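Below is one structure, written out as structure tokens; the observations come after it.
Hydrogens, waters and symmetry mates play no part in the numbers below; they use all other heavy atoms, side chains included. These numbers come from a predicted model, not from an experiment. Here is how names work: the chains are called A, B, and so on, in the same order as the sequence lines, proteins then strands, and each is numbered from 1.
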Amino acid sequence: MAGLNDMQDLACRHVDGPLLILAGAGSGKTRVITHRVAYLMDEIGVNPYNILAITFTNKAAAEMRDRVNNIVGEGAERVWVSTFHSLCVRILRRFSDRLGYATNFNIYDSDDQKSAVKNILKELKIDPKKYPEKMFLAEISNAKERYISPDQYAKMNATDFVKTQTATVYSEYMKRLRKFNAFDFDDLIYKVVELFEHNPDVLELYQDRFRYIMVDEYQDTNHIQFLMVKQLASKYRNLCVVGDDDQSIYKFRGANITNILNFEKEYPDAKVVKLEQNYRSCGNILAAANAVIKHNEGRKDKALWTDQGDGEKLVFNQSEDEYMEADRVVNEIIRLTANGAQYKDIALLYRTNAQSRILGEKLVMRGIPHRVYGGQNFYERKEIKDIMAYLKVVNNSTDDTYLRRIINVPKRGIGDATVDKVAAFAAANDMTLMEAMQIIEQVPGLQRSVAKISGFVELIDGFRGIIEEQEPLSTLFDRILEDTGYEDELIAEHTDESMARLENIDELRNRVVQFETDYEEATLADFLEDIALVSETDKMSDDDNMVKLMTIHGSKGLEFPYVFLCGMEERIFPSAMAINSDDEDALEEERRLCYVGITRAMKKLYLSCARNRMLHGSRNCNDISRFIKEIPPLLFQDSGDITRHVKRMEERQFADTGYTGNRYGSSGQSGYGKGSYHGRSSQTGSGYSSSNPYSSYSKAKKEPISITPSTKPSFGKEFTVNRELVLDYGEGDRVRHMKFGNGTVTQLVKGGRDYEVTVDFDRGGTRKMFASFAKLKRLEE
DNA sequence: GAACTCCTGCTTTTT
DNA sequence: GCAGGAGTTC
């Protein structure tokens, strides 16, 4: 298959049985998956309806959908491309009644989970100061990820006091969610696995539907996702997983790297294909990435390489504080754009969302268009949560959580004392809060509040009427803003803050209208689901010509010509938590994260840090990140700062031994350019990386790190340079296709390393296909 | 019942 | 440095 390298080609052509693709960063992973889909459909004749592609983010799903559409044309929309979570929601919307849940269930976000646990702790009289709800939530989530039910959990931990308490909370939590007809994120997958386990007919339905399964970012799957995939694939065993153990960065969320490392054990007949040729970054960037990741133990050995040349060197800067760091970054952005770079080609990446504030401020000051992704989520803002709570109550009022949030917002004189009385009545009579409020006259001990509450119930009933009459969502939205007086209150307040809130509400309204336009048939439940499952990064658009700011986690799967990795300091990146952790792997995960960050860059990578920065409200001095020191200095454009820094450290450490510091060349630009450093490094093993015996980090491996930022493959000769695809036909020519017979080429478009051919077949039908698959033969007529 | 003030604890990362 | 929670006062 031309347009693909040998390994990519091999992966595409593997049809039956398990397949593991180890795909390094930028190795054309999505390309392989989409080509494989095309191959299955066009060459093997697989019904697109039988293909499932699972991705990690909605953004990745959308991109894959797009690319599949482009390649296979007809029928592409019938390939099921989605994330684990939305796939599960769709299955549950159809079958959750088998588990005793209604199909209009709510999806809990972390805030909802938190308040649910908080309430349970109150009921069980557990002091949240001694045992914070966070602990219980983490433990519950953990159990769910391992497919451990509350009962099992209780049995497993019968001797441990705190854990028996956790078992009770877990059990109560699940009862509560069932009562409120809600699933949390973990449940979405857990409950599908449970559904499949107890309903073989349902499982078989989906097994037959998804005969060919592909899972992207497999290194980020957790145990329960592994189980689900296993269930689905067990009948036909056509499972293809794609991943890179070096890019596993979600262990904190339960991702289990052994899923990918042990794939061959689980499926002994698995075919394994490694993709190591990188098409994204230039050689210097790759060399830096390889050098950093090499410090990790326990990884599948591999190294990225490119045939695109070294490209530009890396830039490193240490500034005095975070403001000066931001200034420097912004200045460089101005310089880049003055030289023709587009704003959208630039990304600022950082370890924690908090770091975005100062960068954002500086960009505002200099009038640079930019957008901050993630962080203080749009949907976490108070006013948005309030309006969303109204929508959720209208959709499904069984859940007290949202009701309690809005019952007195805006203020309508229904205080906590009143709500507690009604709640007690509801609990005693086994009804929901809303049900009790509907018969409020029967609730004892309320005087003036009765009228207020029945007024509120009428309000909600009015909103529900709008839905029943099938009025558009935006109508409901506007009515909520008006009838509750929410908008009026903010307008009357007329402060900067209230105006900002109004703007946010406007933005939410835009999203409602957008959703309405995108999906005409959409219901309120659909909208709420979309909000619950789709993050902001997912909605990132390439049209906006803006500088993008996001965490490194958020950048996974993306690429940018110019990347700034900011805050490259010890205790920031790697984080203090990882440094102090007793878990050995914590640091390795940070390093993998660093690897992900570096490999986002295509043309040029900037690394920066500050000598001191505000943290937890106090100013701290932080050392340069160990990851910087793991990058060979010869890869840097101007290594003045880093050289001086390391030299100073060495002098400090070895002053009494008479060691005067190695001479890393002059501090000027030309110091490293002549290869002298590199030669020296491989002879003596000293250098900048942690293999340097004088470095402050001695945990490093003994072997010297010699990274060759070269164009040579890291292994074997079988990786030859791309062959160019040469076609012997053109537009207007008559061609023959193996399956579809004869036709006329109506269009020929070069797309990447392949051609997209449109053929008008004599037997009827126009098909778009990739030349590399179609294997069209020119007919002489 | 509401508004105001003080205090604490926290910062990874997110489907 | 900030948000959210608790406690106090009107």
query = Is a salt bridge present between R93(A) and D526(A), judged by a nitrogen-to-oxygen distance below 4.0 Å?
reply = no
message = Would you say the rings of F56(A) and Y250(A) are close, in the sense that their centroids are separated by under 6.0 Å?
response = yes
ask   = In terms of the nearest nucleotide of DNA chain B, which residue is placed more toward the 5' end: S575(A) or K411(A)?
value = K411(A)
ask   = Of the candidate nucleotides dT11(B), dT15(B), dG1(B), which contains the atom at the shortest distance from the side chain of F185(A)?
value = dT15(B)
request  = Rounded to the nearest angstrom, tell me the gap between atom OH in Y108(A) and atom C1' in dT15(B).
outcome  = 19 Å
message = What is the separation between atom CG on N58(A) and atom C1' on dT14(B), rounded to the nearest whole Å?
response = 12 Å
ask   = Atom OH of Y373(A) and atom C1' of dT15(B): how far apart are they, to the nearest Å?
value = 18 Å
message = Out of the candidates D246(A), D220(A), D585(A), D244(A), only one should pair with R592(A) under the salt bridge (Lys or Arg N to Asp or Glu O under 4.0 Å) rule; please name it.
response = D585(A)
task = Take atom CZ of R571(A) and atom P of dT11(B), then tell me their distance rounded to the nearest Å.
result = 15 Å
Side-chain N or O of K556(A) closer than 4.0 Å to phosphate OP1/OP2 of dT15(B) = no
inquiry  = Need one value for A578(A): base, sugar-phosphate or nothing, where a base atom within 4.0 Å counts as base even if backbone is also close, heavy atoms only.
reply    = nothing
query = So, is N353(A) close to the dT11(B) phosphate, meaning a side-chain N or O under 4.0 Å from OP1 or OP2?
reply = no
message = By nearest atom, which of the nucleotides dG1(C), dT13(B), dT15(B) is closest to the T352(A) side chain?
response = dT13(B)
ask   = Using a cut-off of 4.0 Å on non-hydrogen atoms, how would the nucleic acid contact of T418(A) be classed: base, sugar-phosphate, or nothing?
value = sugar-phosphate
message = For the C1' atoms, the ones on dT11(B) and on dA6(C), what distance do you get once it is rounded to whole angstrom?
response = 22 Å
ask   = How long is the line joining NE2 of H553(A) and C1' of dT13(B), in whole Å?
value = 4 Å
request  = Return the stacking result for dT13(B) and Y250(A): yes when the ring centres lie under 5.5 Å apart and the planes under 30°, no otherwise.
outcome  = no
request  = Taking only Lys NZ, Arg NE, NH1 and NH2, and the carboxylate oxygens of Asp or Glu, determine whether D399(A) and K392(A) approach each other closer than 4.0 Å.
outcome  = no
query = For K452(A), does the NZ atom sit with more than 12 other heavy atoms under 6.0 Å from it, leaving out its own atoms?
reply = yes
query = Which is true for N408(A) with a 4.0 Å heavy-atom rule: it touches a base, it touches only sugar-phosphate, or it touches nothing?
reply = sugar-phosphate
task = Let me have a per-nucleotide readout for nucleotides 4-10 of chain C, 5' to 3', with B, S or -, counting only protein heavy atoms under 4.0 Å.
result = -S-----
inquiry  = Walk me through whether R253(A) and E145(A) qualify under salt bridge (charged side-chain N to carboxylate O under 4.0 Å, His left out).
reply    = CA-CA 9 Å; R253(A) 206 171 57 189; E145(A) 274 159 9; over 6 Å; no
query = Does a nitrogen or oxygen in the side chain of T551(A) sit under 4.0 Å from OP1 or OP2 of dT14(B)?
reply = yes
Separation of dT13(B) C1' from Q355(A) CD (nearest whole Å) = 11 Å
request  = Look at all strands and tell whether F84(A) reaches a base, only sugar-phosphate, or nothing, counting heavy atoms closer than 4.0 Å.
outcome  = nothing
ask   = Out of E320(A), E569(A), E322(A), which residue meets the side chain to side chain donor-acceptor pair (under 3.5 Å) rule with R613(A)?
value = E569(A)
message = Rounded to whole Å, please give me the gap between CD in E489(A) and C1' in dA2(B).
response = 13 Å
key: Nearest-Å distance for atom pair CZ/C1', residues F252(A) and dT14(B)   = 6 Å
inquiry  = Tell me whether the rings of Y206(A) and F95(A) are parallel (<30°), tilted (30 to 60°) or perpendicular (>60°).
reply    = perpendicular
